[in-house]
Amino acid sequence: MKAALYGLAGLNAVIAVDLASFVVAFVTLALFIRIPKVENEKAREESVLQLAKEGLVYLKQTPLILHVILFMSGVNLVASAFDAVLPALIIPKRGNNVLGIVTSCSGIAMVFGSILATVMPKPKDRVKVIYLTMLFSLGTENFVLAFSGNPVFWCFGQVLGWILVPVMSTNQNVIMRNTVPADLQGRVYACRNTLQFFTIPIGLLMGGFMVDEVCEPFMTGRNGIWTRLFGSGKGSGAALMMFILGVLGIQICLVSGRKLRRYKYTDG
């Protein structure tokens with residue numbers, strides 16, 4: 001959204017929106033949010049490592065939660081690599097303004113996805129919803145962008161890839177909050193954040209490296225089926241990488257989905 005705003009109205013508009021959103025958040029937290037006091041809670045003085053160990057032990061004893069987290073770490077690997085590849089695909093062909101418009105579509109899609117997650121009925125199998133939504137997202141967006149050079153299709157691909165992300169996130173949060181005991185949630189969520197999101201910098205590095213050092217050099221001077229599939233010139237290597245990410249994302253979803261189907265979860 002910020003990229004689109006920058007392309008349409010400039011840096012000053014982006015700064016103004018950031019400051020306005022900060023003011024709204026600050027006033028809300030300062031005036032309207034009250035943290036209740038917890039009575040009769042015994043404070044424990046333990047090391048960070050000990051607390052982290054307790055979170056990891058719980059995850060080891062609760063394989064459903066652990067496998068969902070590991071699945072999402074794989075999804076984040078592909079998604080972050082996608083974020084690194086997207087500018088290399090669009091900017092050489094259409095420029096920065098089109099990149100801003102295309103990336104803004106993901107934010108718009110997530111707004112509608114949040115509304116969808118709010119109004120849709122409670123699913124019978126939340127675990128299945130998690131991996132099927134990601135299978136749809138990773139199995140559509142990457143291929144649409146890989147095989148198209150039209151900004152309209154790029155925007156459509158972004159919508160397909162992001163509209164179900166809030167649905168996935170909602171169901172994961174419900175499983176986590178209903179399963180993890182309240183007195184362990186801080187430790188378990190800290191471990192979740194480490195395991196689920198450590199792949200993001202790896203994906204960003206992988207995406208940039210693969211485009212610059214592997215895919216773009218590979219596509220240089222290629223003809224025949226390669227140019228028919230991914231185009232020619234600057235950006236064709238990024239399109240090839242999008243295709244690779246699509247295949248990788250589908251494989252992660254299928255393999256993880258096979259494991260996750262072993263576990264049954266019902267809302268308590």
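- Rounding to the nearest 0.5 Å gives a distance of 7.5 Å between CE of Met219 and OG of Ser232.
- Residues Tyr131 and Leu254 fail the side-chain proximity criterion, which asks for heavy atoms closer than 4.5 Å.
- Using a 4.5 Å heavy-atom threshold, the side chains of Pro181 and Tyr58 count as touching.
- Two different hydrophobic clusters hold Leu77 and Val255 under the rule that ILVMFWY side chains link at heavy-atom gaps under 4.5 Å.
- By the 4.5 Å heavy-atom criterion applied to side chains, Lys259 and Phe71 are not counted as neighbours.
- For the pair Leu160/Phe136, a side-chain contact is recorded, criterion being any heavy-atom separation below 4.5 Å from C-beta on.
- Put simply, the side chain of Ser256 never gets that close to the backbone of Cys253: no donor and acceptor are under 3.5 Å apart.
- With Thr133 as the fixed residue, the side-chain contact (heavy atoms from CB on, under 4.5 Å) test singles out one of Ile163, Val167, Thr170, Val165: Val167.
- Looking at Phe143 and Val247, their side chains come closer than 4.5 Å, going by heavy atoms from C-beta outward.
- Hydrophobic clustering (ILVMFWY, side-chain heavy atoms < 4.5 Å, transitive): Phe243 and Val214 are in one cluster.
- The shortest side-chain heavy-atom distance between Val68 and Arg192 does not fall under the 4.5 Å cut-off.
- Heavy atoms from other residues, nucleotides or ligands lying under 6.0 Å from CZ of Phe197 number more than 12.
- Within a 6.0 Å sphere centred on OH of Tyr263, heavy atoms belonging to other residues, nucleotides or ligands number more than 12.
- Side chains of Leu86 and Met242 form a contact here, defined as non-hydrogen atoms less than 4.5 Å apart.
- Between Met210 and Val85, the closest side-chain pair of non-hydrogen atoms is not below 4.5 Å.
- With Tyr265 as the partner, the side chain to side chain donor-acceptor pair (under 3.5 Å) test is satisfied by one option alone out of Thr179, Asp125, Asn178: Asn178.
- There is a path of hydrophobic side-chain contacts, each under 4.5 Å, that joins Leu116 to Phe156.
- Atom-to-atom distance recorded for Thr62:OG1 and Met176:CE is 10.0 Å, nearest 0.5 angstrom.
- For the residue pair Ser137 and Leu164, the shortest heavy atom distance occurs at OG-CB, 4.3 Å.
- The same ILVMFWY cluster, assembled from side-chain heavy atoms under 4.5 Å apart, contains both Val211 and Leu229.
- To the nearest 0.5 Å, the span separating CD on Gln158 from OG on Ser104 amounts to 8.5 Å.
- Interatomic distance, Ile130 CD1 to Met72 CE, rounded to the nearest 0.5 Å: 8.0 Å.
- The cluster map of Ile, Leu, Val, Met, Phe, Trp and Tyr, joined by side-chain heavy atoms under 4.5 Å apart, puts Leu89 and Leu204 in different clusters.
- Rounded to the nearest 0.5 angstrom, Leu51 CG and Leu184 CG are separated by 10.0 Å.
- Within a 6.0 Å sphere centred on CD1 of Ile225, heavy atoms belonging to other residues, nucleotides or ligands number 12 at most.
- Using the six-membered ring where Trp is involved, Phe230 and Phe147 have ring planes that are parallel, under 30° apart on the 30 and 60° scheme.
- Of all heavy-atom pairs spanning Gly149 and Pro151, the tightest one is O-CD, 3.7 Å.
- Taking CG from Leu248 and CG from Asn142, the interatomic distance works out to 9.0 Å, rounded to the nearest 0.5 Å.
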